There are 2 protein chains.
Amino acid sequence: MERTRVIDTDELLSIRAAELYYEENKTQDEIGTLLRLTRWKVGRLLAQAKASGFIRIEIVHPRARRLSVERRLREATGLTDAIVVSSAGVATDEELQSRTAQAAADYLTGLRPVPRTLGISWGRTLHEVALHLKQGWAHGVNVVQINGGVSLNRRAGTAAATAVNIAHKGAGAATLLPSPAILERLETKQAIESDRAVAAVLNLATAASAYLFSAGQADENSALVDSGYLTAPQVAELVRKGAVGDIVGRYIDSNGNIVDPELDGRTVGIQLEQLRQAKMAIAVIAGGSKHAIARAIVGSGLCTVLVTDEDTALAILGDEA
Amino acid sequence: MERTRVIDTDELLSIRAAELYYEENKTQDEIGTLLRLTRWKVGRLLAQAKASGFIRIEIVHPRARRLSVERRLREATGLTDAIVVSSAGVATDEELQSRTAQAAADYLTGLRPVPRTLGISWGRTLHEVALHLKQGWAHGVNVVQINGGVSLNRRAGTAAATAVNIAHKGAGAATLLPSPAILERLETKQAIESDRAVAAVLNLATAASAYLFSAGQADENSALVDSGYLTAPQVAELVRKGAVGDIVGRYIDSNGNIVDPELDGRTVGIQLEQLRQAKMAIAVIAGGSKHAIARAIVGSGLCTVLVTDEDTALAILGDEA
DNA sequence: CGCTCGATTGCTCAGATGAGCAAGATTCCG
DNA sequence: CGGAATCTTGCTCATCTGAGCAATCGAGCG
């Protein structure tokens, strides 16, 4: 049963007018004749219908963006830029991921000035961004990994492939970070970081002119669990301590703070501070399970540009429908 | 993963243009400047986007109708008139029923010439139509029941109440059909029909200037089962014989033919032929479970006017999304 | 190479539309 | 009941937009 509400005569008229205008594309004048109104009244009814939100216009296309949401995001959060892809007519989280990755690729391609050195993380999302980039998207970009790579499981090499792919398509070279993501002992981590080869890459990463990264949710499906760096119970413990997800391998809470300093100490890669101080840090985050981490990242200034889907954007803005 | 398809440069541009036009309401001229196109090109891109169906405009309001679907229905079926309410943003079948009943009430109210005698059936739907009619919707309509009434269960009187309500609000009188819907023995049915009081009502019903009725689906939730005239197994047997639902108490198959002549012989009310020959026969049918019966009714010419919801209308037209 | 045919582009012009304004209607008080 | 304040209405005018047309471009082909 619909909520009982007094419906103003004008409201009904405005709906009739809207039907004739938008469905039958009649002119306001014709509608005026039909409804026995002046054409100005019809124009006003139509304006009223729009203002009351009765007219919903959706752009249904995989490449469609939501400019109004982007603007609101920029204004509400102080992001330099926000790219929000439409969720209209999307069934699966996978499709959302794909659309968002496409949009990130488009954004990178259109970026001016083109970054000389691009620091990237790795993961399913970035891998897909790499796939969507077109050959020749840039003319000589150096790509450098900013956190330790996947290497413990059968998917060894995807992190490297992502970096190489992005660099190759942009007519540049990739510099890989030859290190695990998380080490078991602090001493090992310190040793590896002081190794000349690793230290050089980290220096390069610190000096990157732009960063591109995604984020992982804090649950048993995390890429870090999948890669064998953490176990499901360890992640559960992190969640208990307030973790909402990870960014460049580091788990943060909803305020953007490191959840477990000891674990963080054993994690190889640039520091979150470096992202916070970067001129350009592009986060690419999509899917319903990443609302919390997206919010934490944007809220704590970990990125300057966010590429995401409409639902995540609305979650950040706090407009639950 | 979205279907891989070559996306024409113009297609992408048309999406960008549409975003700026519909979301940011910029003029085509402004968009031209932004996208480095002439304003004519922008106009053409926008037209292309519309034509390709990328722009979806919905009117979101409980009273919204789908004029384009109505037109298609009229053209495809030869109905005199079709009223289709929008399903946009509707969660429940109940809401759909309510909207459709509202629309039927609106249709009746706007009907010219106002019928002198209106023959009606009874049921949940018609009851709701009666509720939605406004006091004074007509100035003197005589209402007559066209089929035997509910009387076996605790809801005794709702059929009568519906008729009285419609008549009362239309400043007229109701004539009730003092008979059960279905009798157990043929002889009893013949006897009751030849009774002067009943015969007089049936004559009046036959001469009605317009009919208003709903339909029931053929399953254990049917009003006839609920009222105790039939049992669930009996209905199951009817379904086995091809029944898709009932109209004025008579079960029909998908071609609009009586399914069980013996049962039909024991059913009191006007004949289906009388509906088929009527100048105006308004069917009010809503909800997912009534697609089949709606199709049968429209397909076999049992109504001249159909009031229904968008999904049912599309089912009749055979456009499954 | 030059020609033809179809597609695309830029344009003119008329029709459609929104902003702003003044006259008229309505409400709200005292 | 009167008069002020507000809202609504009809209108002018400037702008926006779509239809239709001629010029241009480009592919295909002899």
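Every value quoted in this text rests on a predicted model; they were computed, and no experiment measured them.
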Whole angstrom is fine here: how far is it from [atom1] in [X] over to [atom2] in [N]?
X     : N      : atom1 : atom2 : value
B:L45 : C:dA7  : CG    : P     : 18 Å
A:D10 : C:dT26 : CG    : P     : 14 Å
A:D29 : D:dT17 : CG    : P     : 18 Å
A:K26 : D:dG18 : NZ    : P     : 18 Å
B:L13 : C:dT9  : CG    : P     : 11 Å
B:L46 : D:dC16 : CG    : C1'   : 12 Å
B:N25 : D:dT17 : CG    : P     : 10 Å

Residue among A:D309, A:D93, A:T125 satisfying side-chain contact (heavy atoms from CB on, under 4.5 Å) with A:K290: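 Answer after filtering A:D309, A:D93, A:T125: A:T125.
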Closest to side chain of [X], choosing from [options]:
X     : options                : answer
A:W40 : C:dC13, C:dG10, C:dA19 : C:dA19
A:R39 : C:dC13, D:dC13, C:dG20 : D:dC13
B:K41 : D:dT9, C:dT9, D:dT17   : C:dT9
A:R44 : C:dG10, C:dC21, C:dT17 : C:dC21
B:Q28 : D:dT9, C:dG10, D:dT17  : D:dT17

Distance below 4.0 Å between B:Y21 side-chain N/O and D:dT17 OP1 or OP2: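 So the side chain of B:Y21 is within the cut-off, an N or O lying under 4.0 Å from OP1 or OP2 of D:dT17.
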Side-chain heavy-atom pair B:H127, B:R124 within 4.5 angstrom cut-off: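 Not in contact.
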Got a list of side-chain donor-acceptor pairs under 3.5 Å for residues 38-45 of chain A, not counting sequence neighbours?
{"unit_1": "A:T38", "atom_1": "OG1", "unit_2": "A:K41", "atom_2": "N", "d": "3.2"}
{"unit_1": "A:K41", "atom_1": "NZ", "unit_2": "A:D10", "atom_2": "OD2", "d": "3.2"}

Residues B:E95 and B:R99 bridged, charged N to O under 4.0 Å: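 Salt bridge between B:E95 and B:R99, a charged N being under 4.0 Å from a carboxylate O: yes.
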